[in-house]
Chemist: 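First, the structure itself, so that you have it in front of you.
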Amino acid sequence: MSSTSGSSGLEQMYQQVIMDHARLPHGRGLVDLDLPASGESHQVNTTCGDEIRLRVGLDGDRISSLSWEGQGCSISQASVSVLHELVEGERLAEADRTMDAFRELMQSKGEPLDDDKEDLLGDATAFVGVGKYPARIKCAMLGWMAFKDAVIQARKDES
Amino acid sequence: MSSTSGSSGLEQMYQQVIMDHARLPHGRGLVDLDLPASGESHQVNTTCGDEIRLRVGLDGDRISSLSWEGQGCSISQASVSVLHELVEGERLAEADRTMDAFRELMQSKGEPLDDDKEDLLGDATAFVGVGKYPARIKCAMLGWMAFKDAVIQARKDES
Amino acid sequence: MLLPDLRDDFPLLARTVRNGKPLVYLDSGATSQKPRVVLDAEREFYELHNAAVQRGAHLLAEEATALFEGARADVATLVGASQDEIVWAENATAALNLVASGIGNASAGIGGAEAERFRIGPGDEICVTETEHHANLVPWQALATRTGATLRWIPVDDDGRMVLDSLESHVNERTKVLAFTHVSNITGLISPVAALVARAKAVGALTVLDGCQSVPHLPVDVAALDVDFMALSAHKMLGPTGIGALYGRKELLDALPPSIFGGGAVKTVTMEETSWLEAPMRFEAGTQPVAQAIGMGAAARYLMEIGMDRVEAHEREIATILRGGVAEIPGVRLLGPVGDADSRDVIAIAAVAVDGVHTHDVGQVLDDAGVAVRVGHHCGQPLHRRFGLTGSTRASAHVYTTPDDARAFVEALATVPAFFGVRA
Amino acid sequence: MLLPDLRDDFPLLARTVRNGKPLVYLDSGATSQKPRVVLDAEREFYELHNAAVQRGAHLLAEEATALFEGARADVATLVGASQDEIVWAENATAALNLVASGIGNASAGIGGAEAERFRIGPGDEICVTETEHHANLVPWQALATRTGATLRWIPVDDDGRMVLDSLESHVNERTKVLAFTHVSNITGLISPVAALVARAKAVGALTVLDGCQSVPHLPVDVAALDVDFMALSAHKMLGPTGIGALYGRKELLDALPPSIFGGGAVKTVTMEETSWLEAPMRFEAGTQPVAQAIGMGAAARYLMEIGMDRVEAHEREIATILRGGVAEIPGVRLLGPVGDADSRDVIAIAAVAVDGVHTHDVGQVLDDAGVAVRVGHHCGQPLHRRFGLTGSTRASAHVYTTPDDARAFVEALATVPAFFGVRA
Ligand SMILES: Cc1ncc(COP(=O)(O)O)c(C=O)c1O
Ligand SMILES: Cc1ncc(COP(=O)(O)O)c(C=O)c1O
């Protein structure tokens, strides 16, 4: 996929993967957890009032559960859905790397990342078009910020 | 006297009469009054902190006493001194006309008034140059404002 | 169109956006574009006359003061006030806060005997409405917290119209302030000012009008409206950012204590205490936004040269296209009254909710088409909540808006449901 | 001269005044002139990018937001702060009031638990100094009135230097705030910041620095100064009118309640209550002075390109001519220290009193000679009273001031006693 000039920014942004995730998001519905370490975070996008509540359960250094609820635009909904797909079941270290790559993608102004990072990101590479719209980066990051914070809470829980 | 172009604005402003009145002002020092109608006013020029306290005593419709104290620039001091000269002993109606003429002079942007008004103003015509400097009109008017207000007070006293 | 070549006065309108598309600017409710005369007025001030006003005695200071006070007179003329009833403020928000904080300060013992008439406390009431912009709600909430007074509000119906059935209970003998907007920035509805003012007067409450969305679009005369205070913003009426104004009845302004304290607003200062100047100076502490005031004055003159009657007529023409067009798109909900778009009680604003599509996504499609609109809650969370929404997509016009602009919005909006695969 | 052709950057300096005389502008302490890059930055914003910031999702809004926040970063860099520690305010007066009113609001129960650290009341003390500009005195008087706290002040000696002998009693365990100026706008003296900050820290008092006259003329680094808050004005540092800034430590800014309430500053608003955003947004309610912020950013960059070290060196050169020259005129009294004009503790300001001649009359003679200076009390009534005066005549410089400008002032001033017939 090249950094558009043929296709409009709009089509580059709302790729089919994103539309699909937005329509049928994964991981939606908070899961009751009975784990030694769990954490929750509530994030609000103050420009539009969108919110996400996200819960993680840790099993050692593995993310054994990630669920969420909330409302928002297709970008924020699809993004947290993809996040669920990418990190549930993964080790924290791996999730951190994925998150770094996603943040980098958001800062790339619409340019694709190198292959290694794209491999890490999987479906999330579809968000490349968002990086061209500073106002929408917040939407795409909302779930990821909640995830980061929930992990911090879970670790507090652990100690 | 023509509205300068030869002489500088500065010389037109600080005419000898003004310098003389500023150096040896008339009516300075508040006079104790024992009259049926007397009034006092305190005015402050807020841009520079100059102040004048002015007292009038009325004898019917005649200004039988006008005295003042205060500090300020040569324009404000000379102006209140000339005011004393012009209106002490005059009837109120005459003083009103003089004051109107003086106000008109201040608004004239440095142009002399017609002969009738100049006659009324006497020494006060020397202030013609002040009208070119909006910031100084306040200085020249300070004593006159105090006079106007003191008369109002005195009339309240009367009734 | 208002004037065929009026658009040429606005340099920004010549811009192109995404992929070279011509700009369709429909975000004037947030901030308007500026005609060249406004930009020139500011620039000329800086290049020829810049100096501190009301203080200096040198030539530049005199010139700057004359321009600054002349601008005040122009703004006063626009709204039917006298010159010393216009106080400069950073924006309308600051103007509204000036009143609320002034009352708060009076209630805290600042301002002496003359300020006593403004004191409020527990048992007293402040009344607003459910349609207020946050700028005319949050300052009153804070005042209530500060003083112990109770905040009440007049509700709105499903169309966003104020419900006046219980006006006598909402505005009663305990009510000290009634603050309300002249025109809603979401529904575009013009408020029933006469009824509200009459009731406030009957109970002796102060009236505070938010004129942000009326002054730029309609003829407004504070004397005829008979309100005590009115706030307005320059940047919404073709003027610069960084400046707005408060109208206030002179005798009220002279008694209200300031809430920003500093130089230029004071008569005598000792280490122990301070006495204030008269209005408007008592409220203009510090170095004033001089260039901006001059720019706002130029904007007021520009509007008066067009004529506010003609501005209003143009407004109605655009409102009809915008609101009428939107109302016909299946799956799109128009906030505010539907079907009387050409009536006399709305300005050219159309805020919409597209079923099943988030306002950010709607805005993205419009942006891609070169149509600049506002998305989100437009600083009106309570009204959106009343409508069961968190946000909407708002198109708003000004003198330079053409019928084609309005149609471009309607057309681009009509493509949204299909783009996101939702069908009405 | 700083840079030989730097004056060409300032269009206004080419003006002539009274009878075609070239302008000698020595009123920069009141407000400075603006370089073309500042005017261009504002104009370009209006002509190409004007839109509401931080709200819209369209292209113009994105561009405007980037410019606006970029300007904040530039101002932060100039004073050694981080970007989110810079709050825009209408001017320095507004910035100082923001702190004082925030503390007042915290004391009135606004701002919840996080604001409790700011609460003050009877028994607490606020300390200022006798050399303060009204902008850094009157807000604290009002705060004392509002809260019942006591206002105290550090006196100055005959040279206008703060007397620190009793610092331990003036700033003590009851002191909650110590507010003082970095540089006096009358004597030009640089304050003993380190000693004052050390004492405030020892007793746990907040420090509020008035940076109005330091930031435009000297290298200033808030981290090195270690103050909690600092106020500055754009219009004194070659920037536009209508904008200034408050620096505040981030953790303090995030806890201080706002004092201007409205849109853009709030997270969630219901009719009943409101939660605020983090700093700086919580303090920037309403539509921001966007063009002005961008202009202030351009001014900060312009100063940094010259280099504040070079600005300071130039300042000392002009100070020596101004103050040294004045000190030699018989019958003229120079306020502040005399004889060490070239030492490191004054900037290029010379306020003088001419024996037997009122400051208005002095100013008139200078104006006639084309020399623009400030007359009056310069918003420092207490300090003038301390000197036994009601006013003075002040010359003040900036980067564009030439040695010839300074000499023109000295020469014109020397003619004053003779003109009014007073002789030393
Ligand atoms: C030392 C000092 N503090 C505060 C101020 C107030 O600044 P502003 O007028 O920009 O609010 C000034 C300038 O007037 C000043 O010189
Ligand atoms: C109705 C209304 N009131 C108040 C405001 C606040 O105006 P400003 O942002 O200029 O302070 C706005 C605009 O944002 C508005 O539309």
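A, B, ... follow the sequence lines: proteins, then strands. Residue 1 opens every chain.
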Chemist: Walk me through whether C:Gln292 and D:Thr241 qualify under side chain to side chain donor-acceptor pair (under 3.5 Å).
Modeler: CA-CA 7 Å; C:Gln292 293 73 37; D:Thr241 59; 2.8 Å; yes
Chemist: Side-chain contact test, heavy atoms from C-beta onward, threshold under 4.5 Å: evaluate it for C:Trp153 versus C:Thr129 and give yes or no.
Modeler: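 When only atoms from C-beta onward are counted, C:Thr129 and C:Trp153 do not touch, as no gap falls below 4.5 Å.
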Chemist: Can you tell which part of C:Gln141 gets under 4.5 Å to a heavy atom of chain D, answering side chain, backbone, both or neither?
Modeler: side chain
Chemist: Sort out for me which of D:Val38, D:Val371, D:Thr268, D:Leu23 touches chain C most, counting heavy-atom pairs under 4.5 Å.
Modeler: D:Thr268
Chemist: Pick whichever of C:Thr287, C:Asn91, C:Ile243, C:Thr274 has the most heavy-atom pairs under 4.5 Å with chain D.
Modeler: C:Thr287
Chemist: For chain D, find which of C:Asp40, C:Leu98, C:Val128 contributes the most heavy-atom pairs closer than 4.5 angstrom.
Modeler: C:Asp40
Chemist: For chain C, which candidate among D:Ala94, D:Gly370, D:Gly104, D:Ala135 shows the most heavy-atom pairs at distances under 4.5 Å?
Modeler: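 Top option by heavy-atom pairs under 4.5 Å: D:Ala135.
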Chemist: Would a line drawn from the ring center of D:His134 to the ring center of D:His377 be shorter than 6.0 Å?
Modeler: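 Close enough - the centres of the two rings lie under 6.0 Å apart.
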Chemist: Given that the side chain runs from C-beta out, which part of C:Asn105 has a heavy atom under 4.5 Å from chain D: side chain, backbone, both or neither?
Modeler: side chain
Chemist: Between D:Ala89 and chain C, with a heavy-atom cut-off of 4.5 Å, which part of the residue counts as in contact: side chain, backbone, both or neither?
Modeler: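 Only the backbone of D:Ala89 comes within 4.5 Å of chain C.
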Chemist: Can you tell me which of D:Glu63, D:His235, D:Met271 forms the most heavy-atom pairs within a distance under 4.5 Å of chain C?
Modeler: D:Met271
Chemist: Does C:Trp276 reach the side chain of C:Pro257, with side-chain heavy atoms less than 4.5 Å apart?
Modeler: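 With C-beta onward as the side chain, the pair touches.
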Chemist: Please name all residues satisfying salt bridge (Lys or Arg N to Asp or Glu O under 4.0 Å) with C:Glu132, sequence neighbours left out, ordered by chain then number.
Modeler: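 So C:Glu132 forms no salt bridge (Lys or Arg N to Asp or Glu O under 4.0 Å) with any residue.
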Chemist: Which bit of C:Phe10 comes within less than 4.5 Å of chain D, counting heavy atoms only: side chain, backbone, both or neither?
Modeler: neither
Chemist: Under 4.5 Å, counting heavy-atom pairs only, tell me which of C:Ala100, C:Gly109, C:Ala142, C:Ala30 racks up the most with chain D.
Modeler: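 The option with the most such pairs is C:Ala142.
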Chemist: Chain C: which of D:Ala108, D:Ser107, D:Ala372, D:Cys379 shares the most heavy-atom pairs with it under 4.5 Å?
Modeler: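 Among the listed options, the one with the most contacts to chain C is D:Ala372.
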Chemist: Between chain C and each of D:Pro240, D:Ala14, D:Gly376, count heavy-atom pairs under 4.5 Å; write down the option with the most.
Modeler: D:Pro240
Chemist: Contact part of C:Arg18 toward chain D, heavy-atom cut-off under 4.5 Å: side chain, backbone, both or neither?
Modeler: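 Contact with chain D: backbone and side chain both.
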Chemist: How far apart are the closest heavy atoms of C:Ser32 and D:Asn50, and which atoms are they?
Modeler: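 C:Ser32 and D:Asn50 have their closest heavy atoms at O-ND2, 3.0 Å.
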Chemist: Is chain D contacted by the side chain of C:Pro258, its backbone, both, or neither, given a heavy-atom distance below 4.5 Å?
Modeler: neither
Chemist: Can you say whether C:Ser28 sits under 4.5 Å from chain D via the side chain, the backbone, both, or neither, judging by heavy atoms?
Modeler: neither
Chemist: So which of C:Thr31, C:Leu48, C:Val17 has the biggest tally of heavy-atom pairs under 4.5 Å with chain D?
Modeler: C:Leu48
Chemist: Within a 6.0 Å radius of atom NZ on D:Lys267, are there more than 12 heavy atoms belonging to other residues, nucleotides or ligands?
Modeler: no
Chemist: With no hydrogens and no angle check, do the side chains of D:His58 and C:Asp27 hold a donor and an acceptor under 3.5 Å apart?
Modeler: yes
Chemist: Apply side-chain contact (heavy atoms from CB on, under 4.5 Å) to residues D:Val266 and D:Ser275 and explain how you reach the verdict.
Modeler: CA-CA 6 Å; D:Val266 294; D:Ser275 60; over 6 Å; no
Chemist: I'd like to know if C:Arg15 pairs up with D:Glu44 as an ion pair, taking the criterion as any Lys NZ or Arg NE/NH1/NH2 lying under 4.0 Å from an Asp or Glu carboxylate oxygen.
Modeler: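 Judged by the 4.0 Å cut-off on N to carboxylate O distance, C:Arg15 and D:Glu44 do not form a salt bridge.
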Chemist: Can you tell me which of C:His360, C:Arg36, C:Glu273, C:Glu130 forms the most heavy-atom pairs within a distance under 4.5 Å of chain D?
Modeler: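 If we count pairs closer than 4.5 Å to chain D, C:Glu273 comes out on top.
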Chemist: Relative to chain C, which segment of D:Ser101 carries a heavy atom at a distance below 4.5 Å: side chain, backbone, both, or neither?
Modeler: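 For D:Ser101, the side chain is the part near chain C, not the backbone.
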Chemist: Go through the atoms of C:His49 and report whether side chain, backbone, both or neither lie under 4.5 Å from a heavy atom of chain D.
Modeler: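 When you check distances to chain D, atoms from both the backbone and side chain of C:His49 fall under 4.5 Å.
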Chemist: Is a side-chain N or O of D:Arg282 found less than 3.5 angstrom from the main chain of D:Ala265, in a donor-acceptor match?
Modeler: no
Chemist: If you measure only the distance, is there a donor-acceptor pair under 3.5 Å linking the side chains of D:Asn185 and D:Arg374?
Modeler: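 Side chains of D:Asn185 and D:Arg374: no pair found under 3.5 Å.
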Chemist: Pick from D:Asn97, D:Leu13, D:Val290, D:Leu137: which one has the most heavy-atom pairs with chain C under 4.5 Å?
Modeler: D:Asn97
Chemist: So, C:Gln54 and C:Glu284: side-chain donor and acceptor under 3.5 Å apart, yes or no?
Modeler: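 No, C:Glu284 and C:Gln54 have no side-chain donor paired with an acceptor closer than 3.5 Å.
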Chemist: For each of C:Leu59, C:Thr147, C:Leu96, C:Thr145, tally heavy-atom pairs with chain D at distances under 4.5 Å, and name the one with the top tally.
Modeler: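 Highest number of heavy-atom pairs under 4.5 Å: C:Leu59.
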